[in-house]
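Letters A, B, ... mirror the listed sequences (proteins, then strands); counts begin at 1.
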Amino acid sequence: MRTHTCGELRAEHEGQTVTVCGWVDTYRDHSGVLFVDLRDRYGKTQVVFAPEAGGELLAAAKLLRGEDVVAVTGTVAGRPEGTVNPKLPTGAIEVRAGQLAVLNKSRTPPFHPTSKDLPGEDIRLKHRYLDLRRPAMQQTLLLRHRIVKVMRDYFDELGFLDVETPMLGRSTPEGARDYLVPSRVQPGTFYALPQSPQLYKQILMIAGYDRYVQIARCFRDEDLRADRQPEFTQLDLEMSFVEADDVMGVIDGLMARLAKEFLGREIALPLPRMTYDEAMERFGHDAPDLRFGMEIVDLTDLAREANFQVFRNAAEGGGRVRGINAKGAADRYSRKLIDELTRFVCEDFGARGLAWFKVGAEGKLASPIAKNFSDDSLARIAGRMEAEPGDLLLMVADRFDVTCKALHALRKRLAAELKLYEPGVMHFSWVVEFPMFERDDETGGWAAMHHPFTAPRPQDAERLGTAPQQCRAQAYDLVINGVEAGGGTIRIHDSTLQSQVFGLLGIDETTARDRFGFLLDALQYGAPPHGGIALGLDRVVTLFGGGESIRDVIAFPKTQRATDMMTGAPGPVDPRQLKELGLSVPR
RNA sequence: GGGGGCGUAGCUCAAUUGGUUAGAGUACUGGACUGUCGAUCCAGUGGUUGCGGGUUCGAGUCCCGUCGCCCUCGCCA
């Protein structure tokens, strides 16, 4: 139908007869002559309807409106002097129309894809077919395609095998809430959509497919965020006969290739690594944003000697007093703004208060609470925090985990407000040696921090029975710009050890056999040491595209209430369908 | 489940302290215009101020409830 796209015609095509197809982007009717910018995903080309081609053609063109789909046959011509448009790649030429076919008239659209005013996201989602016509969305989906292509090529070169795993699996109550699919054939039973292909890929290792990779769709029925959708995509991989270093090395190589391809940057390998404990100590979070400093400083020992009760009580009660130094920010934060920061850490992160000092001209700390400290004490705090005139010092005294949450949130917020990093910069790193277990607030028992198949470090295996809280896992998270881009572990390949971990997690033998019997069995038939990782593809694309929300890198995302505004999903079903499935819905 | 923000014309937004007939740009419709490119100029259509209730002489504005979208805490092995 078409001979060229709307993005490819140049001066060299002058004189050729061509047919271009696309959407009417804009039209400029000068009565005697009419211009139409025709748009497709490759670009825009100006089409001219002039009287020489006949009054009938011009009359037909006058009826064109935005988003009509047309085919135009005409001659490529250089534009008259002074009318070249340097803003368009095709701006040197135009197509002098000889024929016009209106392939499909458009209703007046609720918004125009190239309008400068972006409509609200709900409108964009409802009319996603219009939103996806926007050049920015098309570029993003192209970026996503190219990233996936680089990934597939990379893993193919390394001998990885792409294997598909089932979408209809078995529910495992651990972890996130499952999406369930009722079985018609066996009423009252349910499949679960995969939260990840975790168990299948381990089985593939046991089956001898020593390098597996998959771009896998995953499902988790939890509340949504800007970086969380109920269905999302993972780059999932697993390797046999490897240690953590090997898996991280493979991902290092992938990140280097992506950085080179999409940022035009060489990044130094191996990517920097930091232990979980160090990350919590220095940044208060297991996915620290390393694009800027403003590290957390511990003041607990100094607080113990201070007269300030809040600090003293925290320090002596087993808590911690820690702070951050917002360099040069004293003038930027008025008393009112600091009150807002206080409200922020208290209401959102459970802190009981926010202590602050502004560093004056001679390095003297000024604050409503300064009177509670001796000059010597203040000087030591200033020294510890490397305070200089103009700095703003912020401190939280509380349980360790509360200081982590509050200071991490503050650090993130201040960095954004103070523009502590360049928008285009990307920082890649690993956080390693996560704890095996964390306390489950509901049951009071132990819960797996990553998942129940994670192997402890060899030197920690014997502490499983004695000091589980001290066990560190062979786990590694890839962190990009303070975002957890992916995570993985070396798995347990020994059924005895696996049973022991299940036991610690309060999964008794009967339950374990019932749910994971196939895995425990498989582990007894020659399971190689293995491990892997999964990257959140949507997040990776968002990061490389410089966006804010993963909804913008997903063609058809869901809203915060997990609905699809275009299709209306989820929706009610016919009672007959329920009956077939043996289901009844309470009203 | 909790906290916060937003909701006014198809779209993007405005509307002073609660005060007369809710405006602008754009889109759309009609007209003018033979080189524009965010075309321009003239005219016009277009409103249950998300929905429901309340306070008031009077509500887009204040109060209560509710719905929707977004951010966030919890949640997310």
Side-chain angles (χ1 to χ4, degrees), chain A residues 25-38 44-52 58 62 65-67 77 79-88 90-91 94 96 107-127 130 172-178 195-196 198-199 218-230 232 340 343-350 405-406 409 412-413 434 436-438 440-442 446-454 473 475 484 487 489 501-502 505 507 534 536 548-549 551 558-561 563 565:
Chain A
D25 191 59
T26 52
Y27 58 94
R28 296 173 290 280
D29 185 352
H30 291 247
S31 184
V33 59
L34 185 144
F35 304 92
V36 167
D37 287 343
L38 205 58
K44 281 198 259 189
T45 295
Q46 173 165 287
V47 177
V48 188
F49 295 91
E52 298 83 64
L58 192 57
K62 278 177 186 293
R65 291 297 178 270
E67 300 314 302
R79 294 197 189 182
E81 211 179 318
T83 66
V84 167
N85 185 351
K87 286 190 251 176
L88 285 184
T90 62
E94 60 197 16
R96 303 261 164 89
R107 286 172 58 189
T108 301
F111 64 93
H112 288 275
T114 53
S115 159
K116 228 174 56 178
D117 287 329
L118 197 60
E121 194 176 2
D122 45 346
I123 310 254
R124 291 171 51 205
L125 290 173
K126 180 162 186 195
H127 303 277
L130 297 178
T172 53
E174 291 78 22
R177 195 174 295 113
D178 282 323
Q195 295 180 25
S196 80
Q198 182 60 37
L199 294 173
C218 306
F219 304 86
R220 292 177 191 178
D221 187 5
E222 297 291 348
D223 285 356
L224 283 70
R225 290 284 189 283
D227 61 352
R228 274 166 28 191
Q229 284 275 302
F232 61 100
E340 162 56 25
R343 193 210 56 76
F344 175 63
V345 294
C346 292
E347 290 181 15
D348 285 355
F349 301 97
K405 281 182 183 177
K412 236 170 96 171
R413 175 168 172 165
F434 281 73
M436 281 287 286
F437 309 102
E438 58 191 346
D440 185 328
D441 290 337
E442 285 172 31
W446 294 109
M449 192 151 183
H450 194 78
H451 59 55
F453 319 108
T454 300
E484 181 194 333
T489 64
V501 169
F502 279 152
L505 296 172
I507 304 172
E548 298 284 321
S549 158
R551 289 188 299 274
K558 303 219 169 11
T559 69
Q560 195 159 48
R561 288 199 57 229
T563 57
M565 294 205 78

Aro-ring/base stack A/H112-B/A27, d under 5.5 Å, angle under 30°: no

Nearest-nucleotide pick for A/P51, side chain only, options being B/U34, B/C70, B/C76: B/U34

Per-pair stack call A/F35 and B/U36, 5.5 Å, 30°: yes

Sugar-phosphate only, base, or nothing, as touched by A/T45 at under 4.0 Å among non-hydrogen atoms: nothing

Pairing partner of B/A32 (Watson-Crick or G-U wobble, both distances under 3.5 Å): B/U40

Separation between the P atoms of B/G2 and B/G60, rounded to whole Å: 30 Å

Spacing of the C1' atoms in B/C57 and B/G1 (rounded, Å): 43 Å

Nearest to side-chain heavy atoms of A/D122, which nucleotide of B/C69, B/G74, B/G35: B/C69

Mate of B/U56 where both pairing distances stay under 3.5 Å, Watson-Crick or G-U: none

Among B/U36, B/C73, B/G74, the one nearest A/K405 by side-chain distance: B/G74

Minimum-distance nucleotide (side-chain atoms of A/R220 versus B/C11, B/G38, B/C76): B/C76

Nearest to side-chain heavy atoms of A/D223, which nucleotide of B/G38, B/G35, B/G1: B/G1

For the student: nearest non-hydrogen atoms of A/A448 and A/L505, plus distance: N-CD2, 3.3 Å

With A/H451 via side-chain contact (heavy atoms from CB on, under 4.5 Å) - residues at least two apart: A/Q198, A/F453, A/T454, A/T489, A/R491

Pairs under 3.5 angstrom, nitrogen or oxygen only, protein versus nucleotides 5-7 of chain B, please.
none

Separation of atom CD in A/E222 from atom C1' in B/C76, rounded to whole Å: 5 Å

Pairing nucleotide - B/U49, Watson-Crick or G-U, each distance under 3.5 Å: none

